[in-house]
There are 2 protein chains.
Amino acid sequence: MSAPRGGRTGATRSVRTEATKQKLFDAALRLVGERGAAGVTVDEIAAEAGVAKGTVYYNFGSKDALVEALLRHGVDLLSERLRRASVLEDPSEALEATVDEALGFFAEYPSFAQLLVSEMWRTPGAWRETLELLRDDIALILRGVLDRLAESRRLPEGVRPATAAAALFGTLLVVSLDWHVFHPERTKEDVRESVVVLIRGVAGRRDC
Amino acid sequence: MSAPRGGRTGATRSVRTEATKQKLFDAALRLVGERGAAGVTVDEIAAEAGVAKGTVYYNFGSKDALVEALLRHGVDLLSERLRRASVLEDPSEALEATVDEALGFFAEYPSFAQLLVSEMWRTPGAWRETLELLRDDIALILRGVLDRLAESRRLPEGVRPATAAAALFGTLLVVSLDWHVFHPERTKEDVRESVVVLIRGVAGRRDC
DNA sequence: CTATTTGAACTGACTGGTCAGTACAAAGGA
DNA sequence: TCCTTTGTACTGACCAGTCAGTTCAAATAG
């Protein structure tokens with residue numbers, strides 16, 4: 001993750017800092033995901049991380065900056081995984097692998113899904129700019145898969161990849177959240193299977 | 001919409017009150033949708049509605065109660081419209097009409113879509129119970145359409161209506177929000193068309 | 001090898017401001 | 001007459017951000 005700050009001693013510097021930042025990330029993600037950025041106090045985050053309040057400001061400068069770092073970090077992780085899955089040779093396989101990665105990621109970091117869904121479409125918002133970037137990042141990856149799918153005629157005539165990408169993202173996000181919040185008893189395989197079957201319906205091999 | 005508070009005098013009660021409540025709903029919906037419930041003050045809502053702060057408390061009792069009323073009111077409106085569309089004779093037509101209504105509703109009340117998306121999957125949350133009810137309300141309607149679709153073999157083998165319902169809701173919500181927030185230049189017809197085409201892909205007539 | 005210095009990392013009490021909710025006297029309206 | 005609204009003033013809790021001071025590991029000096 002982010003390189004050590006401009007320090008001169010280059011070497012092992014900031015092993016401590018990096019650990020602290022990680023603790024703060026974990027704590028902040030959990031709390032902010034559950035109760036929203038505005039619903040959590042810096043004191044709570046610090047307490048949850050087992051760190052003094054000043055440390056938050058030492059490391060991130062402000063509450064907003066902490067949340068922004070959280071968003072970037074999470075999306076970087078997600079897009080990395082999606083990107084890797086999305087380049088599989090066969091477009092259909094790539095789509096399924098991408099869906100798989102997204103579900104896996106949201107299952108692994110449900111709080112991030114909550115944070116994302118609750119901040120992504122806020123209109124003025126402290127993170128407009130960042131969020132726009134992040135959105136484009138994900139959208140581009142999904143569009144890539146869908147474009148290739150369209151090229152090999154595996155998408156119904158007339159479907160716009162851009163719309164399909166938004167729809168796919170919405171589906172993945174909402175299915176994951178619904179699973180986590182309202183049906184935690186369902187297994188990952190079960191959810192995965194339902195979504196994949198569903199998506200094959202629209203983007204399956206056209207072999208009938 | 002929601003009946004006057006436990007009033008005794010039944011009759012013409014609250015013509016004025018109803019107007020005041022409506023002004024508060026409109027103002028609160030706009031502000032809360034944009035900045036989130038925690039990001040808006042009661043003073044702002046009162047000012048936006050052109051009403052004294054005390055009036056908010058006279059009519060709703062608390063900020064939380066106001067937001068809860070807002071959620072209920074909005075979902076009542078939405079589910080009413082969806083329900084009406086969902087009972088069309090032909091399942092495919094019912095699905096398309098339902099999609100149409102949902103997109104229309106979210107286009108008409110984008111702030112409600114924002115409020116919903118940012119509160120729906122919050123885990124402890126002041127409105128857990130209410131939101132759970134609301135979610136079931138919508139989910140049931142969508143499931144109804146999809147079940148009928150499955151009965152008439154227009155859904156791919158193995159698709160679970162419950163998952164499909166969540167997916168559909170996620171698609172509608174996210175496509176609407178993306179349209180409103182990131183692509184406001186697109187026309188309603190254009191968006192509608194792309195979604196309908198997309199959905200026909202998975203739930204179209206199996207006539208190949 | 002021991003003593004001293006340096007500075008990044010961290011601490012937590014404190015401040016200034018914000019905001020939900022209350023109080024209440026004085027209208028206005030049916 | 002009673003229900004509703006207004007406007008203003010107030011309270012008490014809460015909270016983002018600050019800052020003077022502490023800790024400690026590594027660098028430097030003797």
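Below, chain A is the first sequence line, B the second, and so on; all start at residue 1.
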Report task. Please state whether the phosphate of C/dA9, meaning OP1 or OP2, lies under 4.0 angstrom from any side-chain nitrogen or oxygen of A/Thr55. Result -> no
Solution key, residues 167-175 of chain A side-chain donor-acceptor pairs under 3.5 Å, sequence neighbours excluded:
| from | atom 1 | to | atom 2 | distance (Å) |
| --- | --- | --- | --- | --- |
| A/Thr171 | OG1 | A/Ala167 | O | 3.0 |
| A/Thr171 | OG1 | B/Ala167 | O | 3.4 |
| A/Thr171 | OG1 | B/Thr171 | OG1 | 2.7 |

When rounded to whole Å, the NZ to P distance for the pair B/Lys63 and C/dT22 reads 14 Å
Paired with A/Ile45, the side-chain contact (heavy atoms from CB on, under 4.5 Å) test is passed by just one of A/Leu29, A/Leu24, A/Val51, namely A/Leu24
Closer than 4.0 Å, any side-chain N/O of B/Thr20 to the OP1 or OP2 of D/dT4?
-> no
Between OH of B/Tyr57 and P of D/dT6 the distance, given in whole Å, is 15 Å
Quiz prompt | Residue-phosphate contact under 4.0 Å: A/Asn59 side-chain N/O, C/dC10 OP1/OP2 | solution = yes
*Any chance the rings of B/Phe25 and B/Phe112 have centres within less than 6.0 Å?*
no
B/Phe60 CZ to C/dA20 P, in whole Å, measures 16 Å
What one should report as the nearest heavy-atom pair of B/Trp179 and B/Arg186 is NE1-O, 3.0 Å
* Hey, is the side chain of B/Tyr58 poking within less than 4.0 Å of OP1 or OP2 on D/dT5, counting only N and O atoms? -> no
Note: contacts of residues 29-54 of chain B with DNA chain D (heavy atom, under 4.0 Å) are B/Gly50, B/Val51, B/Ala52
Separation of D/dC3 atom C1' from B/Glu18 atom CD, nearest Å, is 15 Å
Hey, can you pull the donor-acceptor pairs under 3.5 Å for the side chains in residues 139-148 of chain A, sequence neighbours left out?
| from | atom 1 | to | atom 2 | distance (Å) |
| --- | --- | --- | --- | --- |
| A/Arg148 | NH1 | A/Ser86 | O | 2.9 |
| A/Arg148 | NH2 | A/Leu88 | O | 2.6 |
| A/Arg148 | NH2 | A/Glu89 | O | 2.5 |

Correct closest heavy-atom pair for A/Phe105 and A/Arg81 would be N-NH2, 3.7 Å
Taken to the nearest whole Å, NZ/B/Lys21 to P/D/dT4 is 9 Å
